[in-house]
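Here the structure comes first, spelled out in structure tokens, and everything after it is commentary.
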Amino acid sequence: MKRPTVALLVSVVVAAATLLPIGILVVMGAGADVPFDARVAAVFLNTALLTGLTVAASVAVGVPLAFVTAYADLPLRGAWTALLAAPLAVPSYVGAFAWFAATGPGGELTAQTGLPVPAVHGLAGATLVMTLYTYPFVLLTTRAALRNLDASLVDAARTLGLSLPGALVRVVLPRVANSIAAGALLVALYTLSDFGTPAIMRFDTFTRVIFVEYNAFGLDRAAVLSLYLLALVAVVLFLESRVGAVRETPGRRLVLPLGPGARSAAVAAILAVAGAALAVPLAVFGLWLWRTGAGSFDMAYALNSAWASVLAAAAAGIAALPVAVAAAGGGRVARTLERVTYVGFGVPGIVLGTALVVAGLYVDFLYQSLALLVFAYAVRFLPLAVGNTRATLERAGGNMVGAARSLGATPFEAFRRVTLPLALPGIVAGAALVFLEVMRELPATLLLRPTGFDTLATRLWRVYEAGHFGQGAVPATLLVLVSAVAVVVMLRGERDDAGPT
Amino acid sequence: MLSVRDLNVTYGREVAVRGVDLDVAEGEIVTLVGPTGCGKTTTLRAVAGLEQATAGTIRINGRDMGGSGGVPAVPPEKRDTGLVFQDFALFPHLTVAQNVGFRLGRREPVDHWLRWLGLAEQRDARPDALSGGQKQRVALARCLAHAPALVLLDEPLSNLDASLKDSLRWDIRAALKEAGVPAIWVTHDQAEALSVGDRVGVMNAGDLDQVAPPETCFRDPASRFVAGFLGEASFVPGRVRPDDTVETLLGPAIGDGRKGDDGRVDVLLRPDDVAIAADTRGNGSVAWARYEGGTRLFGVTLDADDHAGVLRARTNHEAHFAPGDRVTVSIDAGHPLALFTPEHADDGRDRGERDLAA
């Protein structure tokens, strides 16, 4: 076999570093004496309930809307899709915060309208909020599959005697079932990892309880609960690995003309869903901005967020390069190492935070250091950098290095003059995504931030805890803006990947 | 110039190349042809140093390239070979001129080859702005400008339109001859292999069955595989006479000097070696007819041949026969015909090999 390349050797180090937090938790958990008692079982059940209900609700909302936006002959079709994807730009904890502040006896809705609005909290509240901000995953994966489907399939079914609804259910739905499942599993992963929503809705899922234990100095319990949560995540990731993509042969796109009644109903449904997800936070934050202005907002929060994000983006970009280069070169070992670096996606921020807090306790100079926080970010979002860099390299083709070497270039020269320039756009795109994701990261930041170092997200959290809601308007608005940029970048990247290259 | 001895490449238990011996002389173009997975590209990549040989020696200009028997392999960049890839492998971030001059300090070879290959106007273009044919010319210019001792072409035309293949084939051959550099040219297209190679090597399942000038490979193939791969081949049984003529169902023919066991042989017939004429009695009937433009190809079943399939005969386009027509089939070849051990021999001898006593 070939000699291991430098890239491969460095990827081993990177992969080992991404596994470090899980290793710490396993060691901690093995040494802890925490029985699986009724309290833990209740948390387990709560987490499974919230995840299951959110997935069901997201599918119920996302799939019909996907059919409408993919096939119906609505005017301004692209605009409706963009509107329905827009809730992705609201971090779920920002949405939860807005809904929490808007509803209930003392909420803004009652204050403004005088109508009694019931409080949104607990399991129902958490499910509502999670669904409003995660259904776009199902919508987008399903819609993409529907759009790729050849309309001739439906024509064939109808010439064989099926009605249109019958054809949609018996021919189209089975073809897109895998995409619906893929979207649903993303929702499940997101819901399991989310800390802000259950915390603000006061519903005891693993993420909320882990944070409570951390604050009560119960790191042992936090570590064990983290392992239980990781077990749930592992189930979702396993299911995800079983869902294969169905490749469609390109063809004509189906268009379904709607009657005036159906068209109004479709538009009303779209407006209701997008309105609930977007109008509530925008109205609440707008009201506060108008009422109190910027309040005590300090630019330092934004600068802290940006600085930590720049460091994390640079770290992830640099760490991703050797992994991507080795993986693009092929070989089972390199591919496996690449897969390992994807664990960050599955490790919830609160779990990562717990593990690295423990590391900080044992290694003095890391305790509450910016370096540890940046390491956490890099591990969590490394997959974005690796994926983009590898995709760019693979699009460039596999023979580039061989061509350079056959012209007399040494491996290093081939790397410097061919691989690096080719990978650069992917590294930059990946690092940009890491930057935007870190800007809105909450739970790991909450656990790992150095004393006195507040980001936009932790500032919002402290405003919520202190009950001075009006002060949250500026950080919340900025977080929505940053997220909006992230969503646009990510969706555009996906469209580029899908197009011919 | 290049000398390959007993080259073996294996992946795990799978043998990709088995005991290949191959020489390339100064200025010579050798084409390697065979079906997908026959080991031709693997052989090429082993010579380039991009693939590790399991056993055997590769010498370029007398220098051992190592790589087996514990000797470290000479890395690709130190072999003085130039590669032309099927997917062109142009650097997308560099212009045409920068690609061609990738590791050159001087402009002169860049200008020379861009002009020679008709690319002067594209010198500042990026690869993605070029047509497929232009891309492959740039790849060739890049390779030749770096003045390698040996050029290796890996299916250089297989990603191009059929209309382009014909002309570019000759342009590449002319450029190689202009540079005076020896080359190995891998292809799966037998017409391409026969027309551009000074010699043709035919590979099959990891073995190099035959290396010889194109006419020899076509007329006197070393195996039934080579005979069938390089062109349409039919076989009829025959018996060799003492004067080296062969008596067949279709009348007498000139043999190639081989005697066969007990004089029994199979005679290789190309469609142009067979003539047919309308005859109500005849010795066969037309099974099918295909119009090919300038010519017609007929499948004929012989009355006397119980096990042979359909014999193919090519005529000019004026001949008209319909399926079912009775015809007289005869041999019409002005050259000796290749003889093979009968496939249906009773002694169970290995089929297909040219192991006849000469």
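Everything numeric here is computed off the predicted structure, so don't read it as measured data. Convention: sequence-line order gives letters A, B, ...; per-chain numbering from 1.
Residue contact with chain B, scored on non-hydrogen atoms closer than 4.5 Å, involves the backbone and the side chain of A:Ala404 alike. Heavy atoms of B:Phe85 lying under 4.5 Å from chain A belong exclusively to its side chain. For chain A, no part of B:Leu104 is nearby; none of its heavy atoms comes within less than 4.5 Å. For chain A, no part of B:Pro148 is nearby; none of its heavy atoms comes within less than 4.5 Å.
Contact between B:Pro75 and A:Arg405 at its shortest, heavy atoms only, is CB-NH2, 3.5 Å. Contact detail for A:Asn399 and B:Ala89: the closest heavy-atom pair is CB-CB, 3.7 Å. Minimum interatomic distance between A:Thr410 and B:Glu77 (heavy atoms only, all atoms of both residues): CA-OE2, 3.6 Å. Taking all atoms of both residues into account, the shortest heavy-atom contact from A:Leu422 to B:Pro92 is CD2-CG, 3.2 Å.
A heavy-atom distance below 4.5 Å is not found between the side chains of A:Ser406 and B:His146. Contact of the A:Glu413 side chain with the B:Arg103 side chain is registered, since non-hydrogen atoms from C-beta on lie closer than 4.5 Å. At a threshold of 4.5 Å between non-hydrogen side-chain atoms, the residues A:Arg417 and B:Phe91 do not count as touching.
By the 6.0 Å contact criterion, NZ on B:Lys78 is open, its count of non-hydrogen atoms from other residues, nucleotides or ligands being 12 or less. Other residues, nucleotides and ligands place more than 12 heavy atoms under 6.0 Å from the CZ atom of A:Arg335.
Put simply, the side chain of B:Arg142 never gets that close to the backbone of A:Leu407: no donor and acceptor are under 3.5 Å apart.
In terms of non-hydrogen atom pairs under 4.5 Å with chain A, the most contact-rich of B:Val84, B:Leu94, B:Leu83 is B:Leu83.
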